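Only a predicted model underlies this, so the values are computations on that prediction, with no experimental measurement involved.
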Amino acid sequence: MSDPMRPPVSHDRPQAASPHSGPSRPRSSLRTAVVWEVLQDALDRRVKATGRESLDVLDTGGGSGNFAVPVARLGHRVTVVDPSPNALFALERRAAEAGVADRVRGVQGDAHGLFDVVERGGYDVVLCHGVLEYVDDPAEGVRNAVAALRAEGVLSLLAAGLGGAVLARALAGHFKEAGQALADPDGRWGEGDPMPRRFTAEQLTALVEGAGLRVGAVHGVRVFADLVPGVLVDTEPGALDALLKLEASAAELPAFHSVATQLHVLGETGTTEGA
């Protein structure tokens, strides 16, 4: 298909670890704790609003199920659309190991031809994580995601942030590349940049609003996590928990959106109760 959701060489997303999973939480929770907290709250609110304990969730570009499987563990039915057969095979295995195979369905497809494989208007919640960076037309990708929602629903949108990449290149001493990313329309720092496109918070919120949703919340993801030396987090007692708390505190502050590695936007239908 013409719009792969992401490169076939990368099948996994960061593990969606619950922020309440205990003191032995892996470092990967730094990459997803904020998103998972917001997503779980949105799911809970949809359950209350619909009166149904089990929601229908669509995960576009869902890979091997790093978000889909934890969502299914909450009791929801999840359909994962991904262009990679290998990722879908890994999804099937992971869902079986988690005991949620009956609530997770994987189908091969992409954002451009989304409705070739799933029904329009059939989902309470749509996840669009790590997709917009790779599609030819991000606005079309968001419109398709929104068109998959029921009359009342929630869109969880996660994409690479421009500011985080600029800061990372500058701190690594690659000042010309940092400047190139700032000047480039797609936020790329050069030919060797593996990321096809990056966004500002303003660009993502404009895409969500342009597709007819209201913005319920915007969060910066991995504001500090990618800048802190791994050895510090791994060896300093209490460092992981302290960093998780710092990430959570900074995530909602607009001042930190401009330096986040990723940006998360929650889009909601006009009649959905506030975030």
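Between Val259 and Val223 the shortest side-chain heavy-atom distance falls below 4.5 Å. Using a 4.5 Å heavy-atom threshold, the side chains of Val71 and Leu39 count as touching. The shortest side-chain heavy-atom distance between Val154 and Leu266 falls under the 4.5 Å cut-off. Put simply, the side chain of Val80 does not reach to within 4.5 Å of the side chain of Val107, judged on heavy atoms. Looking only at side-chain heavy atoms (C-beta outward), Val78 and Phe67 stay at 4.5 Å or farther from each other. With contacts defined as side-chain heavy-atom distances shorter than 4.5 Å, the pair His112/Glu140 qualifies. With contacts defined as side-chain heavy-atom distances shorter than 4.5 Å, the pair Thr79/Val57 does not qualify. Side chains of Val221 and Glu247 form no contact here, defined as non-hydrogen atoms less than 4.5 Å apart.
Between the side chain of Glu133 and the backbone N or O of Val131 there is at least one donor-acceptor pair closer than 3.5 Å. In this structure, the side chain of His76 does not engage the main chain of Ala68 through any donor-acceptor pair within 3.5 Å. Not one N or O on the side chain of Arg120 forms a donor-acceptor pair closer than 3.5 Å with the backbone of Ala148. Under a 3.5 Å cut-off, the side chain of Asp82 and the backbone N or O of Gly63 do form a donor-acceptor pair. A distance-only check finds no donor-acceptor pair linking the side chain of Thr60 to the backbone of Val81 [under 3.5 Å].
Counting non-hydrogen atoms of other residues, nucleotides and ligands closer than 6.0 Å to CD of Glu92 gives a total of 12 or fewer.
Val142 and Leu155 get closest at one heavy-atom pair: CG1-CD2, 4.2 Å. Between Ala260 and Leu263, the closest heavy-atom pair is CB-CD2, 4.3 Å. Taking every heavy atom of both residues into account, Val34 and Gly220 meet most closely at CG1-O, 4.3 Å. For the residue pair Gly75 and Ser54, the shortest heavy atom distance occurs at O-OG, 2.9 Å. Contact detail for Leu132 and Cys128: the closest heavy-atom pair is CD2-SG, 4.2 Å. Closest approach of Arg143 to Asp137, counting heavy atoms only: NH2-OD2, 4.2 Å.
By the side chain to side chain contact (heavy atoms under 4.5 Å, CB included) test, Ala98 pairs with Val69, Arg73, Val100, sequence neighbours left out. The side-chain hydrogen bond (donor to acceptor under 3.5 Å, both in side chains) test applied to Asn144 returns no partner, not counting sequence neighbours. Take Phe89 and apply the ring-ring contact (aromatic ring centres under 6.0 Å, His included) test, not counting sequence neighbours, and it matches no residue. For Arg197, the salt bridge (charged side-chain N to carboxylate O under 4.0 Å, His left out) partners are Asp186, not counting sequence neighbours. With sequence neighbours excluded, the residues that form a salt bridge (charged side-chain N to carboxylate O under 4.0 Å, His left out) with Asp56 are Arg77, Arg150.
By the rule that hydrophobic residues join a cluster once side-chain heavy atoms approach within less than 4.5 Å of another member, Met195 and Leu182 end up as members of separate clusters.
With respect to the salt-bridge test (charged N to carboxylate O, under 4.0 angstrom), the residues Asp184 and Arg198 do not qualify. A salt bridge links Arg45 to Glu268: at least one charged side-chain nitrogen sits closer than 4.0 Å to a carboxylate oxygen.
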For residues 156-176, please give each side-chain donor-acceptor pair under 3.5 Å, one per line with the distance, not counting sequence neighbours.
from, atom 1, to, atom 2, distance (Å)
Ser156, OG, His129, NE2, 2.7
Ser156, OG, His264, NE2, 2.7
Arg169, NE, Glu177, OE1, 3.0
Arg169, NH2, Glu177, OE1, 2.5

Which side-chain N or O atoms in residues 202-209 pair as donor and acceptor under 3.5 Å with protein atoms at least two apart or in another chain?
from, atom 1, to, atom 2, distance (Å)
Gln203, OE1, Thr200, N, 2.9
Thr205, OG1, Ala201, O, 3.0
Thr205, OG1, Glu202, O, 3.0

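Here Asp44 contributes atom CG and Leu74 contributes atom CG; the two are 7.5 Å apart, rounded to the nearest 0.5 Å. In this structure, CG on Leu244 lies 4.5 Å from CG on Leu240, to the nearest 0.5 angstrom. The CD atom of Gln108 sits 7.5 Å away from atom OG of Ser84, with the distance rounded to the nearest 0.5 Å.
Contacts classified as ring-ring contact (aromatic ring centres under 6.0 Å, His included) and involving residues 141-162 (residues at least two apart or in different chains) are not found. Pairs of residues two or more places apart, or lying in two chains, that qualify as ring-ring contact (aromatic ring centres under 6.0 Å, His included) and include a residue from residues 202-247 are Phe224-Phe256. Sorted by first then second residue, the ring-ring contact (aromatic ring centres under 6.0 Å, His included) pairs that include residues 195-217, not counting sequence neighbours, number zero.
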>> Checking Leu58 against Val125 for the side chain to side chain contact (heavy atoms under 4.5 Å, CB included) test, could you report, in this order, the C-alpha distance in whole Å, the side-chain angles of both residues, the deciding distance, and whether it holds?
In response: CA-CA 6 Å; Leu58 175 65; Val125 178; over 6 Å; no
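When hydrophobic residues (I, L, V, M, F, W, Y) are linked wherever their side-chain heavy atoms come within less than 4.5 Å, Trp189 remains an isolated member.
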